[in-house]
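Residue numbers count from 1 along this sequence. Values reported hereafter were calculated over all heavy atoms of this structure, with side chains retained and with hydrogens, waters and symmetry mates removed. Ligands are counted one by one from 1 in listed order, and the atoms in each one are counted from 1 as well.
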Amino acid sequence: MEETQLYEGKAKKVFATVNPDEYRVYYKDDATAFDGAKRGTIINKGIINNKVSAFFFNLLGEQGIPHHFVKLLSDREMIVKTLDILKVEVVVRNVAAGSLAKRIGWEEGTKMPSPVLEYYYKNDDLHDPMINDYHIKAMGLATPEQMKQIETYGLKINEILSAYLQTKKIELIDFKLEFGVHKGQVILGDEISPDTCRLWDSETKQKLDKDRFRRDLGNVEDAYREILKRLTGEII
Ligand code: TMP
Ligand code: ASP
């Protein structure tokens, strides 16, 4: 039986499954940046992001963060729990880079004295504008209780991932998370991958993430492969 496709995003497709509590996610090689203005393909990105996300979800789950990942199904597919995704994108930052470096006028690479948490309204037509807790409450995007939970999870995830990545000689500069509600509980959804994180080599500060694509830095595929290799030892 062909499963119904529920959604196709820029990097993934989501399908219904025979289990009403689960979706199947397919990771594509398509890459976009700047709200789809820049498009391309990163060979084997789908495979790498599927595996890297599975790895990070398992790591976070072991340390008490509830998430949607259930199991890997194939190189490019995972089974996840159904989620009502909250239309709030959560960005956590340790080092000024990208839009933050621009907004506050700090040089990219400057360490933030304390982690910075930002929220964006998940709305492509509006180009995901930055919002705060007051907008989120007034717009009904999430309840104050859900946002408290998200803040706690976001900061804890930052501690877990930063500490782990340090052991692999990778510096976690910043990353984006999405949360959703499953059976009344807020849980972590979407993906955690070189598409959604800034990851720099701790020593050389070489960028090992999607900025290589966004900024035309070259060796994009090599960077994605390097992250998978450092995390799981797998060479593709
Ligand atoms: P920014 O500096 O462009 O605001 O990005 C912050 C982090 O969020 C960075 O790790 C990349 C990630 N991100 C996404 O995952 N999706 C997006 O659409 C954007 C703009 C950023
Ligand atoms: N999600 C953004 C887009 O498709 C890309 C990014 O990560 O910068 O435009």
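- At least one heavy atom of R93 lies less than 4.0 angstrom from ligand 1.
- Here the heavy atom of the protein found nearest to atom 3 (O) of ligand 1 is R198 NH2, 3.7 Å.
- Side-chain atoms of Y224 and D195 include a donor-acceptor pair closer than 3.5 Å.
- For atom 9 (C) of ligand 1, a protein heavy-atom neighbour is present inside the 4.0 Å cut-off.
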- request: Under the salt bridge (charged side-chain N to carboxylate O under 4.0 Å, His left out) rule, what do K45 and D30 come out as? Steps first, then yes or no, please.
  value: CA-CA 8 Å; K45 174 170 85 78; D30 300 352; over 6 Å; no
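- The nearest protein atom to atom 1 (N) of ligand 2, hydrogens excluded, is given as K10 NZ, 3.9 Å; this is a heavy-atom distance.
- Closest protein heavy atom to atom 9 (O) of ligand 2: D35 N, 2.3 Å.
- Of all atoms in ligand 2, numbered sequentially from 1 with element shown, those under 4.0 Å from a heavy atom of G36 are 3 (C), 4 (O), 9 (O).
- Contact detail for K207 and L217: the closest heavy-atom pair is CD-CD1, 3.7 Å.
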query: Please walk me through it: do D222 and R212 pass salt bridge (charged side-chain N to carboxylate O under 4.0 Å, His left out)?
result: CA-CA 10 Å; D222 289 345; R212 300 206 74 83; over 6 Å; no
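- When heavy-atom distances to ligand 2 are checked against a 4.0 Å cut-off, R214 comes that close only through its side chain, counted from C-beta outward.
- With a 4.0 Å cut-off on non-hydrogen atoms, R214 touches ligand 1 through its side chain and not its backbone.
- Regarding atom 16 (N) of ligand 1, its nearest protein heavy-atom neighbour is K176 CE, 3.8 Å.
- Residues R76 and D29 form a side-chain contact, since some pair of their non-hydrogen atoms from C-beta on lies under 4.5 Å apart.
- In terms of protein heavy-atom proximity, atom 4 (O) of ligand 2 is nearest to T32 OG1, 2.3 Å.
- Listed by number with element, the atoms of ligand 1 under 4.0 angstrom from any heavy atom of F175 are 10 (O).
- Protein heavy atom at the shortest distance from atom 17 (C) of ligand 1 is E89 OE1, 4.7 Å.
- Inter-residue side-chain proximity for R198 and V95 is flagged as unmet; no heavy-atom pair is nearer than 4.5 Å.
- When each atom of ligand 1 is checked for a heavy atom of G98 under 4.0 Å away, the hits are 2 (O).
- Side-chain atoms of R93 and S99 include a donor-acceptor pair closer than 3.5 Å.
- Scanning all protein heavy atoms for the shortest distance to atom 18 (O) of ligand 1 gives D128 OD2, 4.4 Å.
- In this structure, I65 and K156 have side chains that are in contact, with non-hydrogen atoms separated by less than 4.5 Å.
- Ranking the protein heavy atoms by distance from atom 7 (C) of ligand 1 puts D174 OD1, 3.6 Å first.
- Of the inter-residue distances, the one linking M78 atom CE with N50 atom CG reads 4.5 Å to the nearest 0.5 angstrom.
- Checked against the 6.0 Å centroid criterion, the rings of Y164 and F55 qualify as a close aromatic pair.
- Of the protein's non-hydrogen atoms, the one nearest atom 1 (P) of ligand 1 is S99 OG, 3.4 Å.
- Heavy-atom proximity to T196, at under 4.0 Å, picks out these atoms of ligand 1: 10 (O), 12 (C), 15 (O).
- Contact annotation: the side chain of S193 never approaches that of Y27 to less than 4.5 Å [non-hydrogen atoms, C-beta and beyond].
- For the pair D195 and ligand 2, the shortest N or O to N or O distance does not fall below 3.5 Å.
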